[in-house]
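Below: the structure, in structure tokens.
Here is the naming used below: chain letters follow the sequence lines, and residue numbers restart at 1 for every chain. Remember, predicted model here, so these are calculated numbers, not experimental data. For the numbers below, each heavy atom of this structure counts, side chains included, while hydrogens, waters and symmetry mates do not.
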Protein chains: 4
Amino acid sequence: MSGTLNKVMLIGHLGDEVKIHYFEGGNCIARFPLATNETYTNRQTGEKVTNTEWHNIVVRNKAAEICEKYLSKGDKVYVEGRLKNRQWQGEDGNMRYTTEVHVQDFTFLTTKNESLQNTQMQGTAPQNEPSRPSAPEVPIDDTEEDDDLPF
Amino acid sequence: MSGTLNKVMLIGHLGDEVKIHYFEGGNCIARFPLATNETYTNRQTGEKVTNTEWHNIVVRNKAAEICEKYLSKGDKVYVEGRLKNRQWQGEDGNMRYTTEVHVQDFTFLTTKNESLQNTQMQGTAPQNEPSRPSAPEVPIDDTEEDDDLPF
Amino acid sequence: MSGTLNKVMLIGHLGDEVKIHYFEGGNCIARFPLATNETYTNRQTGEKVTNTEWHNIVVRNKAAEICEKYLSKGDKVYVEGRLKNRQWQGEDGNMRYTTEVHVQDFTFLTTKNESLQNTQMQGTAPQNEPSRPSAPEVPIDDTEEDDDLPF
Amino acid sequence: MSGTLNKVMLIGHLGDEVKIHYFEGGNCIARFPLATNETYTNRQTGEKVTNTEWHNIVVRNKAAEICEKYLSKGDKVYVEGRLKNRQWQGEDGNMRYTTEVHVQDFTFLTTKNESLQNTQMQGTAPQNEPSRPSAPEVPIDDTEEDDDLPF
DNA sequence: TTTT
DNA sequence: TTTT
């Protein structure tokens with residue numbers, strides 16, 4: 001315990017399909033962009049303004065596979081996780097910086113693919129899913145042996 | 001996954017010592033009251049008002065033991081968990097209802113017992129601690145075989 | 001500022017219609033039950049178990065009227081607020097205790113009444129709505145002159 | 001209402017002093033870096049690893065002035081807000097991207113400057129402070145007329 | 001009393 | 001690039 005807290009909670013829509021990448025050891029990582037919207041009225045002009053924020057969502061291993069299987073562009077989802085900054089060297093030699101949301105928990109709020117109905121139940125059991133009183137049947141290997149890969 | 005969310009996040013002070021109870025199988029449960037305060041100014045009278053809410057905190061197994069070991073009355077702590085309603089029959093034959101916060105994660109914000117400094121690191125690794133990329137060294141048995149006990 | 005935090009975040013379904021009550025000064029309060037579900041597999045028996053928790057949701061003034069207008073039994077909603085304990089004397093003379101969630105923010109995730117489409121935009125502007133950069137057009141009177149009424 | 005949620009909750013330590021900037025109309029914006037830590041044990045090597053994430057915190061107007069007045073490098077604070085991405089053109093002509101946490105609520109968890117004790121009460125009344133039953137005495141102008149400035 |  |  002470090003006495004700190006790093007928590008993000010988002011409800012938004014997928015702006016694109018889930019992209020998954022498998023590592024040699026069998027681990028995998030999934031990524032997708034998530035849009036949240038804010039609407040307000042400009043006080044000076046009186047016009048209604050909508051701002052969209054795009055978030056880089058990152059999911060690992062079993063949870064990644066569930067997302068890849070059941071989520072599609074446009075779906076609404078709740079994700080909970082941590083902010084993580086990542087840097088890498090761009091092709092032009094300059095450093096690039098990105099902030100990602102590394103998912104610890106999620107729940108589907110709509111899915112276009114309605115075939116998941118029953119499967120959906122275990123769909124919310126990501127890595128070390130905190131809201132499960134009993135242990136998940138499938139042990140999830142969370143080893144971050146990919147940590148220095150440019151993802 | 002059920003498509004729902006049940007989350008509570010509190011920062012408050014312990015109103016009493018942690019009380020722990022061990023079950024036969026080795027499981028245990030710890031309880032303590034946590035106070036949060038709200039201060040506002042009454043618009044009509046202009047006086048400052050402070051309201052204190054008391055929350056029933058429930059922690060299980062390894063996390064319970066960490067709390068019992070390191071937290072004391074007056075300590076400040078962050079807890080995250082789920083709301084759970086519990087009912088039982090009182091001595092007068094009437095049903096009693098209580099709402100509890102079942103802890104999934106926590107972090108110490110102050111402790112009177114400063115001896116924990118180093119131990120503190122694993123102090124924040126409750127059951128299925130979600131913010132850990134690697135697995136906790138000690139597997140935590142979360143079996144709720146005590147679920148129908150009146151706690 | 002009191003150095004404490006009292007926050008609840010729920011996604012659930014309304015178990016009943018919104019009940020609204022108006023006070024003399026024009027203030028009002030709305031209440032509805034909200035269900036969250038938890039599903040897990042019993043480790044011993046292998047059977048799937050679903051637990052439902054019921055939460056007492058309380059909304060005030062303008063936000064209350066929006067809820068009453070647009071939410072119906074069965075709708076899914078996100079609510080954010082504070083835990084508040086309330087006690088009152090029952091008809092049998094015994095004290096009763098309830099824990100409520102006093103809403104500070106909310107967003108509709110589905111509504112059966114689809115006629116709200118456009119109105120919905122301001123539907124998420126409860127009292128002192130925090131996610132609005134510009135001020136809401138309608139000042140909301142939040143005076144808690146009803147605090148000792150048995151609601 | 002947009003049916004989305006964009007929420008960040010952090011407990012961390014200030015990595016530097018609060019920097020405040022005043023605009024012509026009297027509005028102001030404060031910024032400071034906030035560190036959160038994550039500690040875990042590498043499963044392969046068995047060594048303990050600590051990761052620090054740095055977050056760009058942005059506060060506006062009255063809340064900004066309170067932060068500037070009472071927070072110092074090293075202080076621990078809870079902040080709640082929204083993720084906001086900002087881009088601007090760097091001196092080299094390349095676009096720069098940053099993710100910021102725009103604060104909606106906060107509470108001091110420690111302060112080196114203990115003189116605030118009493119003042120602290122209003123220290124937690126940022127813009128449209130959601131946890132206040134009564135209205136703040138000082139109306140806060142939240143107009144974002146500075147939105148296209150490179151902050 | 002909700003929902004999947 | 002989402003959604004309402």
Side-chain angles (χ1 to χ4, degrees), chain A residues 10-19 31-40 48-57 67 70-79 101 107-125, chain B residues 1-6 83 85 97, chain C residues 10-19 31-40 48-57 67 70-79 101 107-125 131, chain D residues 1-6 83 85:
Chain A
L10 303 172
I11 296 175
H13 293 93
L14 278 79
D16 200 356
E17 300 299 332
V18 176
K19 301 292 192 326
R31 299 176 168 280
F32 58 86
L34 191 75
T36 57
N37 305 297
E38 166 200 16
T39 308
Y40 64 95
K48 186 172 290 182
V49 184
T50 295
N51 283 332
T52 298
E53 293 297 331
W54 287 100
H55 311 275
N56 303 307
I57 310 297
C67 286
Y70 295 116
L71 287 177
S72 297
K73 182 175 177 174
D75 283 341
K76 181 180 269 193
V77 71
Y78 164 84
V79 300
V101 175
T107 213
F108 301 151
L109 296 175
T110 68
T111 47
K112 283 172 180 157
N113 179 355
E114 294 300 333
S115 68
L116 82 161
Q117 300 299 28
N118 298 326
T119 334
Q120 204 174 15
M121 283 307 167
Q122 65 228 47
T124 35
Chain B
M1 164 274 213
S2 65
T4 66
L5 175 71
N6 179 352
L83 286 175
N85 299 295
Y97 301 88
Chain C
L10 304 172
I11 296 174
H13 292 92
L14 278 78
D16 199 357
E17 299 299 332
V18 177
K19 302 292 193 324
R31 298 176 169 280
F32 58 86
L34 192 74
T36 57
N37 305 298
E38 165 200 18
T39 307
Y40 65 95
K48 186 172 288 180
V49 184
T50 296
N51 283 332
T52 298
E53 294 296 332
W54 286 101
H55 311 275
N56 303 305
I57 309 298
C67 286
Y70 296 116
L71 286 177
S72 297
K73 182 176 176 174
D75 283 341
K76 181 179 269 193
V77 71
Y78 165 84
V79 301
V101 175
T107 213
F108 302 151
L109 295 175
T110 68
T111 46
K112 285 173 180 156
N113 179 354
E114 294 300 333
S115 67
L116 82 162
Q117 301 299 26
N118 298 326
T119 334
Q120 203 175 15
M121 283 306 167
Q122 66 228 48
T124 37
S131 53
Chain D
M1 166 272 213
S2 64
T4 65
L5 174 72
N6 178 351
L83 286 175
N85 298 294

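Summarising the geometry, the separation between CG on D:Asn6 and P on F:dT4 is reported as 18 Å, rounded to the nearest angstrom. Rounded to whole angstrom, the span from the CG atom of A:Asn56 across to the C1' atom of F:dT2 amounts to 14 Å. At whole-Å resolution of the value, NZ in C:Lys76 and P in E:dT4 are 8 Å apart. When rounded to the nearest whole Å, the span between CD of C:Glu53 and P of E:dT2 equals 16 Å. Taking atom CG on A:Asp75 and atom C1' on F:dT3, their separation rounds to 11 Å, with Å as the unit. To the nearest angstrom, P of E:dT2 lies 11 Å from CG of C:Leu14. In this structure, CG of A:Leu71 is placed 13 Å from P of F:dT3, rounded to the nearest angstrom. Atom OH in C:Tyr40 sits roughly 22 Å away from atom P in E:dT4 (whole-Å rounding).
With hydrogens and angles disregarded, a donor-acceptor distance shorter than 3.5 Å links the side chain of A:Thr110 to the backbone of A:Lys76.
A stacking contact between C:Trp54 and E:dT2 is absent: the pair does not combine a ring-centre distance of less than 5.5 Å to the base's six-membered ring with planes differing by less than 30°.
Not a single donor-acceptor pair, N or O on each side, falls under 3.5 Å between the base of F:dT3 and the side chain of D:Thr4.
Annotation: the span from C:Tyr78 atom OH to B:Leu5 atom CG amounts to 7.5 Å, rounded to 0.5 Å.
For C:Asn37, the listed nucleotide lying nearest its side chain is E:dT2; candidates were E:dT1, F:dT2, E:dT2. Of all nucleotides listed (E:dT2, F:dT3, F:dT1), F:dT1 comes nearest to the side chain of A:Pro33.
Contacts of C:His55 classified as side-chain hydrogen bond (donor to acceptor under 3.5 Å, both in side chains), with partners at least two apart in sequence or in another chain: C:Thr36. Shown here are the side-chain hydrogen bond (donor to acceptor under 3.5 Å, both in side chains) partners of C:Asn56, two or more places apart in sequence or in another chain: there are none.
Here A:Thr36 lies out of heavy-atom contact (under 4.0 Å) with every strand.
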